Protein chains: 2
Amino acid sequence: MPVKDCQTKKLIIETVMKVFFAEGQIYATTQDIADAAGVNRTLINYYFRSKKALLATAIKTTRKEFIKNSDLILSSDLPFREKTERFIDDFLNNLLKYPYLESFVTADLIQRRLKKNAPAGFIEKQPAPIKQYLEEISEEMDAGNIPKNNPVHFMMNIFSLMIYPIIMKPLQMSILNLSETDYEKVLYERKRIILELLFSSEGTKQ
Amino acid sequence: MPVKDCQTKKLIIETVMKVFFAEGQIYATTQDIADAAGVNRTLINYYFRSKKALLATAIKTTRKEFIKNSDLILSSDLPFREKTERFIDDFLNNLLKYPYLESFVTADLIQRRLKKNAPAGFIEKQPAPIKQYLEEISEEMDAGNIPKNNPVHFMMNIFSLMIYPIIMKPLQMSILNLSETDYEKVLYERKRIILELLFSSEGTKQ
DNA sequence: ATTTTTGTTGACATTTTTGTCAAACATAAT
DNA sequence: ATTATGTTTGACAAAAATGTCAACAAAAAT
């Protein structure tokens with residue numbers, strides 16, 4: 001019976017999550033991973049066949065953890081504004097844990113689109129909760145609560161406002177001339193800012 | 001006198017700009033670059049010392065082209081709203097040419113922050129035009145034309161709303177269930193959407 | 001025309017990264 | 001104790017990527 005088994009296997013996956021998705025080391029080698037996990041590199045090939053396979057499962061694992069809560073929120077029957085508020089709150093929390101997951105997945109999608117030599121990831125269909133939420137956005141627009149546009153814009157605005165400042169932190173820090181602590185403070189205010197922006201224009205359509 | 005000289009040298013740089021910053025092939029090898037440019041790989045080492053050095057100059061070149069116009073706009077004495085409008089217009093155009101420049105630079109910054117083994121880029125100070133524009137944002141806030149907050153939020157909002165949908169296009173396409181042509185159409189509407197959002201909340205501060 | 005400089009090429013060397021394999025090890029079951 | 005099972009390791013092999021070099025070609029300068 002495997003005892004240590006799942007331990008090291010999990011350890012390796014968690015290390016990938018840390019190194020790639022939390023720290024953003026997209027060029028990390030298998031040796032880097034092994035070192036960070038404190039295990040022999042060969043174990044990566046033992047538990048997962050290849051680096052590619054390891055990254056694929058790591059992505060799946062992280063995505064599940066990422067979506068778990070937010071899908072529940074989007075599928076709930078909370079009133080629109082409250083739902084949006086909770087979604088943003090939850091999403092931002094996950095984002096701060098794994099800021100670079102999206103960048104990595106996107107990079108992956110790009111490589112696969114160009115070469116047959118597919119590195120890791122997987123293409124994802126539209127999640128049902130997102131679809132439902134998009135419909136609610138549409139209703140809110142019809143009700144005149146938010147400016148009437150293609151609902152995808154509202155969704156895009158949310159994602160943009162939440163994600164960009166986090167994934168581009170190093171660049172934004174230098175452009176905006178902010179220290180590490182300053183930036184943290186700014187990020188902390190974001191939730192409020194985003195909500196104000198999304199709902200400030202009540203009935204201001206033209 | 002060098003005649004062909006600058007031609008191939010330029011060709012190589014332009015190819016890097018295409019492969020890395022336009023197409024997003026962050027894992028492209030020197031051979032990939034040489035193939036795409038139709039030149040012998042050794043020439044990369046002849047004109048630039050190493051891959052690292054090549055990427056460094058390519059980044060500098062692209063950034064210059066990128067900032068050239070938008071800096072003029074930000075430094076001009078146009079009224080705030082018009083200035084913002086032109087800035088966004090110009091920035092979006094450049095962004096569509098080189099969507100992945102920022103992602104690449106950020107990835108680079110991250111690696112350098114962690115290892116001493118610096119790959120390519122360079123750390124950038126706050127550009128003076130940005131500083132000036134931030135002050136103007138502050139004035140607009142004092143004048144009550146836009147909600148009063150830390151001015152960096154306004155700047156962050158602009159960047160986020162412009163850049164995110166472009167750099168995360170593959171992911172957004174699947175999440176929002178949009179085809180290539182649908183997405184292009186949405187992107188085209190963005191400029192208007194962004195401006196409406198930024199200026200919709202006139203005097204709505206709380 | 002010849003020399004000099006610059007550009008270009010292919011073969012080779014080095015380094016880095018990934019993957020394989022057999023042997024050693026630990027643990028639980030018989 | 002011995003076997004069986006899953007785990008771990010180091011040595012090795014293979015592949016991929018980068019860099020160097022001497023030779024060759026083309027153009028400019030003398």
Side-chain angles (χ1 to χ4, degrees), chain A residues 1-16 18-20 23-59 104 107-108 110-112 114-121, chain B residues 1-16 18-20 23-59 104 107-108 110-112 114-121:
Chain A
M1 277 284 155
V3 186
K4 262 181 150 181
D5 175 16
C6 289
Q7 285 173 11
T8 38
K9 193 174 180 181
K10 271 186 192 169
L11 173 63
I12 291 172
I13 291 185
E14 281 163 11
T15 306
V16 170
K18 182 187 162 219
V19 170
F20 279 82
E23 296 176 359
Q25 301 197 52
I26 52 174
Y27 301 113
T29 67
T30 49
Q31 188 63 59
D32 292 333
I33 300 167
D35 289 348
V39 303
N40 191 298
R41 185 176 59 83
T42 318
L43 288 176
I44 290 174
N45 294 301
Y46 177 71
Y47 285 113
F48 314 89
R49 241 187 358 279
S50 61
K51 186 186 183 183
K52 229 190 275 186
L54 167 59
L55 290 178
T57 63
I59 288 180
F104 187 86
D108 191 48
I110 291 168
Q111 313 311 313
R112 295 211 289 142
L114 293 167
K115 306 180 181 184
K116 274 298 161 199
N117 178 22
Chain B
M1 277 276 157
V3 186
K4 263 181 147 181
D5 177 14
C6 290
Q7 285 173 12
T8 37
K9 192 173 181 182
K10 271 186 191 169
L11 174 62
I12 291 173
I13 292 185
E14 281 164 12
T15 306
V16 170
K18 182 188 160 216
V19 170
F20 280 81
E23 297 175 359
Q25 300 197 53
I26 51 173
Y27 300 112
T29 67
T30 50
Q31 188 63 59
D32 292 333
I33 299 167
D35 290 349
V39 303
N40 191 296
R41 184 175 59 83
T42 318
L43 288 177
I44 290 174
N45 293 302
Y46 177 69
Y47 285 113
F48 315 88
R49 241 186 0 278
S50 61
K51 186 185 184 184
K52 228 190 275 184
L54 168 57
L55 290 178
T57 63
I59 287 179
F104 187 85
D108 190 47
I110 292 167
Q111 314 311 313
R112 295 210 288 142
L114 293 166
K115 306 180 182 184
K116 274 297 163 202
N117 176 23

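Quick caveat, the model's predicted, so the values are computed rather than measured.
Under a 3.5 Å cut-off, the side chain of Gln111(A) and the backbone N or O of Gly24(B) do form a donor-acceptor pair.
Remark: Leu11(B) engages Thr15(B), Ala37(B), Val39(B) in a side-chain contact (heavy atoms from CB on, under 4.5 Å) (not counting sequence neighbours).
Residue Thr42(A) has its side chain nearest to dT20(C) when only dG10(C), dT20(C), dT8(D) are considered. Distances were taken from every side-chain heavy atom of Lys51(B) (C-beta onward) to each of dT18(D), dT9(D), dT8(C); the shortest belongs to dT18(D). Closest contact between the side chain of Asn40(A) and the listed nucleotides dA17(D), dG10(D), dG19(D) involves dG10(D). Out of dA11(D), dT8(C), dT18(C), the shortest distance to the side chain of Thr30(A) is found at dT18(C). Picking from dT7(D), dT17(C), dT9(C) the nucleotide with the shortest atom distance to the side chain of Thr29(A) gives dT17(C).
Side chain to side chain, Asn45(B) and Thr42(B) fail the donor-acceptor criterion of an N or O pair below 3.5 Å.
Atom CG in Asn45(B) sits roughly 15 Å away from atom P in dA17(D) (whole-Å rounding). Spacing between atom CZ of Phe48(B) and atom P of dT8(C) amounts to 12 Å, rounded to whole angstrom units. Whole-Å rounding puts the Leu43(A) CG to dT20(C) P distance at 14 Å. As rounded to whole Å, 11 Å separates atom P of dT20(D) from atom CZ of Arg41(B). The interatomic distance linking Leu54(A) (CG) with dT18(C) (C1') rounds to 13 Å, in whole Å. For the pair Asp35(A) CG and dT18(C) C1', the interatomic distance rounds to 15 Å; values are reported in whole Å.
Phosphate contact (OP1/OP2 of dT20(C), side-chain N/O of Tyr46(A), threshold under 4.0 Å): absent.
Both key distances under 3.5 Å define a Watson-Crick or G-U pair, and stretches of 3 or more such consecutive pairs in DNA chain D run C:1-30 with D:1-30.
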